[in-house]
Q: 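Provided herewith is a single structure, encoded as structure tokens, for subsequent inquiry.
The first residue in the sequence is number 1, and the count goes up from there.
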Amino acid sequence: MVNMVGQILENHKITLHENKLPPEGFSHNKALHIIVQYEEKFISRVLIDGGSSLNIYPLTTLKRLGIGLHEIWMGNMNVKAYDGSQRATIIEINLHIQMGPTWFDVEFQVLDISATYNLLLGRPWIHAVGAVASTLNQAVNFK
């Protein structure tokens, strides 16, 4: 049994290389932000957060991008914020966004919150696309 587990781990391991670390090396404490494209607009400060059980779209970003009402539907979910407070989603939205050469359809919960990011990709997106996010290497890899 131990040998079988070893073979599985060997065949499915991810190798991180020190030469691919940010200039600060192992001591950095950066969150993982990427840039995505929606239609002809680029969205910076997209946070990838494996600790979030939702994909979050702050209302301020929605207004700034000028999303049409035909692309949204009313939300009916209450969420618990990191500070422990309860918030209701305003709406849900499905966006077709591009990362590198690949397009993804992502369902977001729109919240009226003050955020340091423009979009947050949480576990629903990470798991759906088979992403492996490395804050250490500041990179996202896909299966």
Q: Check whether any side-chain N or O of Arg45 sits under 3.5 Å from a backbone N or O of Thr116 as a donor-acceptor pair, and report yes or no.
A: yes
Q: Please say whether more than 12 non-hydrogen atoms of neighbouring residues, nucleotides or ligands are located less than 6.0 Å from NZ in Lys41.
A: yes
Q: Once you round to the nearest 0.5 Å, how far does OH of Tyr38 lie from NE2 of His96?
A: 10.5 Å
Q: Any non-hydrogen side-chain atom of Leu121 less than 4.5 Å from a side-chain atom of Ile126?
A: no
Q: Please report the closest heavy-atom contact between Arg123 and Ser53, naming both atoms and the distance.
A: NH2-CB, 3.2 Å
Q: Main chain of Gln138, side chain of Lys30: is a donor-acceptor contact present, judged purely on distance under 3.5 Å?
A: no
Q: Does a side chain donor of either Asn137 or Ser134 reach within less than 3.5 Å of an acceptor in the other side chain?
A: yes
Q: Between NE2 of His33 and OG1 of Thr135, what distance do you get to the nearest 0.5 Å?
A: 12.0 Å
Q: State, with a plain yes or no, whether a side-chain heavy atom of Leu47 is found less than 4.5 Å away from one of Leu119.
A: no
Q: Distance from Ile97 atom CD1 to Asn94 atom CG, nearest 0.5 Å?
A: 9.5 Å
Q: Please work out which of the three classes, parallel, tilted or perpendicular, describes the rings of Phe104 and Trp125, given edges at 30° and 60°.
A: perpendicular
Q: Got a second to check how far Leu54's CG is from Gln109's CD, nearest 0.5 Å?
A: 5.5 Å
Q: For residues Trp103 and Gln37, report the shortest heavy-atom separation together with the two atoms involved.
A: CZ3-O, 4.0 Å
Q: Report the distance from atom CG of Leu62 to atom CG of Asp112, rounding to the nearest 0.5 Å.
A: 10.5 Å
Q: When you measure from the side chain of Asp49 to the backbone N and O of Gly122, does any donor-acceptor pair fall under 3.5 Å?
A: no
Q: Please tell me if the side chains of Ile34 and Ile48 come closer than 4.5 Å, counting only heavy atoms from C-beta onward.
A: yes
Q: Is any side-chain heavy atom of Ile43 closer than 4.5 Å to a side-chain heavy atom of Ile35?
A: no
Q: Side chain to side chain contact (heavy atoms under 4.5 Å, CB included), that's the test. Do Ile56 and Tyr117 meet it? Break it down for me.
A: CA-CA 10 Å; Ile56 299 174; Tyr117 52 83; 3.8 Å; yes
Q: With side-chain hydrogen bond (donor to acceptor under 3.5 Å, both in side chains) as the criterion, how do Arg64 and Asn118 come out once you've worked through the C-alpha distance, each side chain's angles and the decisive distance to 0.1 Å?
A: CA-CA 10 Å; Arg64 191 170 46 253; Asn118 289 318; 2.5 Å; yes
Q: Rounded to the nearest 0.5 Å, how far apart are OH of Tyr57 and CD1 of Ile93?
A: 5.0 Å
Q: Tell me, do Leu95 and Asp105 make a side-chain contact under 4.5 Å, heavy atoms counted?
A: no
Q: What's the shortest heavy-atom distance between Ser52 and Pro124, and which atoms?
A: O-CD, 4.0 Å
